[in-house]
Amino acid sequence: MTVRRYTLRQKVSAPNCRIDYSAALNAEQLAVVEAGEGRILVIAGAGSGKTRALVYRVARLLETGVRPHEIMLLTFTNRAAREMLARVEALVGGELGAQATRIHGGTFHSVAHKVLRRHATLLGYGERFGIIDAQDANDLMKACTGDLGLAGKGRRIPKADVLVRLLSMAINTQASIATVVADRYPRFVSLTDEIQSICARYLERKVAMDVMDFDDLLMNWKILLTDRPEVRETESRGLRHVLVDEYQDTNLLQADIVDAVSSVNGNVTAVGDDAQSIYSFRGAHFANILEFPRRHPDCRVFHLTANYRSTPEILNLANLSISNNVRQFEKTLEPVRNSGVPPALIPCRDVYQQAELVCQRMLELSDEGMELGDMAVLYRAHYHGMELQIELSRRGIPFVVRSGLRFFEHAHIKDVLAYLRFIENPSNELAFRRMAGLYQGVGSATMGRLWDWMQAASGRSGDPLRSLLGKDALLEVPRRARMGLAGLQDLLRELLAEPARNLPGALIRTVLDRGYSEQARLRWLNAESRLEDLAQLADFSDQYSSLDVFLADVGLLTDMEGEEVADGGEPDDAVTLSSIHKAKGLEWRAVFVIWLADGRFPVAAACRDQDAFEEERRLFYVAATRAKDELHLCYPILYSGRDSERVVMKASPFLEELPRKESAPYEKWSLEEEGPPPPGALLPSGSYDECSITVGEDEKIAGRKG
């Protein structure tokens with residue numbers, strides 16, 4: 001018997017557009033909305049209304065007869081998809097608008113899940129396969145390490161969560177595990193064979209358990225589309241239009257999925273901004289957007305350049321900066337708003353004056369009527385906000401940290417501070433438990449027994465720390481914990497030795513040098529970033545000559561009782577502190593970008609690679625274009641590093657490459673202090689009472705030597 005394919009065509013009424021698109025959109029946006037079929041790439045500059053263009057394009061498709069279930073809208077958050085579809089529903093209105101809920105909208109992962117529910121059996125899964133979360137994935141990876149007999153054998157196998165993220169990077173970049181280890185985590189190269197075996201076992205066990213993790217959702221979606229022609233035909237033919245938001249953030253796997261799912265009808269709207277591609281560390285592939293026209297020679301490229309967010313002065317600086325990138329779609333953001341104040345370039349004597357400047361300027365803006373919630377401080381790395389967080393707390397200025405944790409509340413910071421807290425106060429059980437728990441074999445029960453014994457022993461000696469350091473302590477713990485406890489004892493003895501006993505910077509460096517650095521590299525894939533935080537913490541603490549004063553200041557910002565900062569209870573009107581990566585997509589009236597010094601922003605490693613350097617410049621561009629009314633660009637001139645060595649810092653190359661003198665896109669501020677600088681402030685050495693520091697070509701900052 002032969003089977004004949006017969007297509008039932010639904011009646012499509014003539015377009016009946018009730019929306020006045022010409023009145024609602026500018027010319028660039030209207031061109032995108034009315035682009036019709038085919039592959040189109042929309043290069044949407046910062047603040048140019050890309051979401052508006054996407055929403056109106058979906059509405060236009062609906063009004064011209066495309067059925068809702070024939071449209072797929074891929075975003076990077078489900079919230080973004082819900083908001084866009086809600087706007088489509090309100091815009092179109094009536095029965096047609098109500099049908100907008102039938103659009104396939106959501107993140108890549110959520111849409112993949114729906115597709116796999118229909119076809120998972122083709123891949124060896126059941127119809128009711130489960131999805132495991134991050135913790136489940138970590139537990140399973142740990143079990144796989146045990147299955148292969150690789151746990152506790154003296155081989156420093158990475159921890160389970162490190163292996164999960166390493167495998168995730170391999171999947172999302174479409175690279176082999178060996179390649180990812182060699183390119184991104186060379187410290188694990190000698191363990192490549194073991195890592196590959198563990199990951200293979202992990203993949204096998206997931207199939208046997210009929211579960212998928214988040215990466216499996218994307219990988220299996222691609223496998224269906226590439227290895228199962230009948231699935232690709234069915235899924236792709238049913239989608240007349242595929243729209244992708246933030247296309248510059250897609251990885252290789254996601255780009256392949258977009259190409260496959262649109263392979264039949266060939267209608268793709270990819271919207272993004274190459275100038276805001278800043279997530280390569282997550283696996284985002286910059287070439288996806290840059291090479292889209294080469295991969296699809298028939299595509300048309302549209303530009304959205306009218307900026308509704310920032311003043312002309314801020315946009316001028318941003319345009320001048322990003323124009324230095326070689327690999328880009330050339331464009332110039334055009335301001336819609338009226339002229340405002342020029343950006344301010346503010347060299348500061350040191351990091352402490354930088355913090356004082358930011359706080360004082362925020363209070364001035366507040367007095368002028370600007371809400372604290374309309375202000376933000378952006379930085380390249382978490383540790384850049386350290387001095388500022390303390391200064392904000394001293395002045396009672398409420399702030400929230402978009403990265404989730406304040407600097408002193410991150411796990412690696414609290415780990416190291418636990419040693420200092422304990423030797424300062426041996427009765428601090430929380431510090432003891434956190435410190436002791438870092439050692440192999442010392443679990444919660446062992447810590448509890450040891451702590452109780454220490455308290456009883458201190459009743460006789462009057463010194464629980466002395467009891468902990470004695471030989472008898474080793475007899476109070478199981479044999480498996482004795483090596484770890486002996487290591488802790490050795491480290492504590494070194495920390496208590498003079499002259500380092502009261503110098504927090506020296507104490508922190510000793511903790512790092514005596515094992516914590518190695519442990520961090522096994523615990524976290526971003527270990528080098530965390531160790532940089534700790535190195536900067538040690539440098540920061542060098543200003544303190546007393547451990548108790550240092551811990552008292554830190555106590556303003558941290559609490560040993562909890563690991564995470566609660567989201568609730570935060571003040572409604574608070575300054576935002578954020579890494580630039582976390583700030584993308586947001587905006588504030590006043591933005592302060594701090595630590596714009598060479599080697600800090602851009603990071604030193606990026607200066608050795610052109611692609612990395614250009615991504616750092618894109619990061620600076622993102623920071624600048626978050627500002628609506630005022631942009632302050634700050635950097636310290638002097639920095640006190642290890643052993644209190646004073647280093648003169650140069651301005652960031654991203655500032656140095658901007659035009660100067662009359663054509664400079666900023667005004668320079670000269671800071672003058674009333675009275676002597678605060679204790680600990682860094683000043684150039686000399687025998688004079690007045691000092692000045694030359695900044696750039698002709699600016700000077702006056703300071704008074706104390």
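Heavy atoms only: backbone and side chains are in, while hydrogens, waters and symmetry mates are out.
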Does the salt bridge (Lys or Arg N to Asp or Glu O under 4.0 Å) test come out yes or no for R240 and E37, once each step is laid out? CA-CA 9 Å; R240 288 181 58 188; E37 298 195 331; 3.8 Å; yes
Which residue, E616, E532, E615, forms the salt bridge (Lys or Arg N to Asp or Glu O under 4.0 Å) with R380? E616
Check for a donor-acceptor pair, side chain of S236 on one end and backbone N or O of E233 on the other, with a separation under 3.5 Å. no
Do the side chains of L166 and V181 get nearer than 4.5 Å, heavy atoms only? yes
When you check the side-chain N and O atoms of N265 and H241, is any donor under 3.5 Å from an acceptor? no
List the steps and the verdict of side chain to side chain contact (heavy atoms under 4.5 Å, CB included) for R309 and R626. CA-CA 8 Å; R309 176 187 299 152; R626 299 312 95 197; 3.3 Å; yes
Look at the aromatic rings of Y279 and H581 and report parallel, tilted or perpendicular, splitting at 30° and 60°. tilted
Please determine if R205 and D147 form a salt bridge, counting it only when a charged side-chain N lies under 4.0 Å from a carboxylate O. yes
Could you walk me through whether N251 and N172 satisfy the side chain to side chain donor-acceptor pair (under 3.5 Å) test, starting with their C-alpha distance in whole Å, then the side-chain angles of each, then the deciding distance to 0.1 Å, before giving a yes or no? CA-CA 6 Å; N251 56 42; N172 286 288; 3.1 Å; yes
What is the minimum heavy-atom distance between C199 and I177, and which atoms define it? CB-CD1, 3.5 Å
Looking at V261, is its backbone amide N or carbonyl O close enough to the side chain of R232 to form a donor-acceptor pair, meaning the two atoms are under 3.5 Å apart? no
Nearest heavy-atom neighbours spanning A583 and S578: N-OG, 3.6 Å
Is Y56 reaching over with its side chain to a backbone N or O of T51, donor-acceptor style, under 3.5 angstrom? no
Strictly below 4.0 Å, N to O, side chains only: are D249 and R282 in salt-bridge contact? no
Salt bridge check: are D245 and K50 linked by an N-O gap of less than 4.0 Å? yes
Give me the atom names and distance for the closest heavy-atom approach of I103 to I71. CG2-O, 3.5 Å
With salt bridge (Lys or Arg N to Asp or Glu O under 4.0 Å) as the test, would you mind laying out the steps for D259 and R295 before giving the verdict? CA-CA 10 Å; D259 289 349; R295 198 163 68 249; 3.1 Å; yes
Test item: V244 and F108 side chains (from C-beta on) under 4.5 Å apart, heavy atoms: yes
With side chains defined as the heavy atoms from C-beta onward, is the minimum distance between F329 and D273 less than 4.5 Å? no
Less than 4.5 Å apart, any side-chain heavy atom of V111 and any of L73? no
Full working for side chain to side chain donor-acceptor pair (under 3.5 Å) between Q519 and K159: CA-CA 10 Å; Q519 186 183 81; K159 290 186 177 294; over 6 Å; no
Run the numbers on R39 and R300 for side chain to side chain contact (heavy atoms under 4.5 Å, CB included), then give the verdict. CA-CA 7 Å; R39 292 182 175 88; R300 292 166 291 158; over 6 Å; no
Close side-chain approach of K206 and M212, heavy atoms under 4.5 Å: no
Would you call K584-E246 a salt bridge at under 4.0 Å N-O? yes
Just so I know, are the side chains of V58 and R87 near enough to count as touching, which here means a heavy-atom distance under 4.5 Å? no
Mark yes or no: R327 above the aromatic ring of F286, with NZ or CZ under 6.0 Å from the six-membered ring centre and no more than 45 degrees from the axis. no
Classify the ring geometry of H382 against H410: parallel below 30°, tilted from 30° to 60°, perpendicular beyond 60°. tilted
Do L522 and F188 pass the side chain to side chain contact (heavy atoms under 4.5 Å, CB included) test, and can you show the C-alpha distance, the side-chain angles, and the key distance before you say yes or no? CA-CA 9 Å; L522 293 172; F188 298 141; 4.0 Å; yes
Would N526 and R530 count as a side chain to side chain donor-acceptor pair (under 3.5 Å) here? Give the steps. CA-CA 7 Å; N526 64 341; R530 292 176 185 258; 3.0 Å; yes
Compare every heavy atom of D136 with every heavy atom of I132, then report the nearest pair and how far apart it is. CB-CB, 3.6 Å
Check A44 against V271 and note the closest heavy-atom contact, atom names and distance. CB-CG1, 4.2 Å
State, with a plain yes or no, whether a side-chain heavy atom of S168 is found less than 4.5 Å away from one of I171. no
Where the side chain of E291 meets the backbone of N288, is there a donor-acceptor pair that is under 3.5 Å apart? no
Any salt bridge between D227 and K222, counting N to O under 4.0 Å? no
Check ion pair E528-R521 (N to O, under 4.0 angstrom): yes
Please test L243 against L74 for side chain to side chain contact (heavy atoms under 4.5 Å, CB included), starting from the C-alpha separation and ending with a verdict. CA-CA 6 Å; L243 302 93; L74 295 170; over 6 Å; no
Looking at every heavy atom in both A318 and Y621, which two are closest together, and how far apart are they? O-CD1, 3.5 Å
Give a yes or no on whether the backbone of V231 and the side-chain of T234 come within a donor-acceptor separation of less than 3.5 Å. no
Is there a donor-acceptor pair closer than 3.5 Å between any side-chain N or O of Q276 and the backbone N or O of L619? no
Thinking salt bridges, do E63 and R60 make one under a 4.0 Å N-O criterion? no
Taking the cut-offs as 6.0 angstrom to the six-membered ring centre and 45 degrees off its axis, would you call R117 and F129 a cation-pi pair? yes
CA sep, side-chain torsions, deciding dist, call: Y202, D213, side chain to side chain donor-acceptor pair (under 3.5 Å): CA-CA 11 Å; Y202 174 75; D213 61 20; 2.9 Å; yes
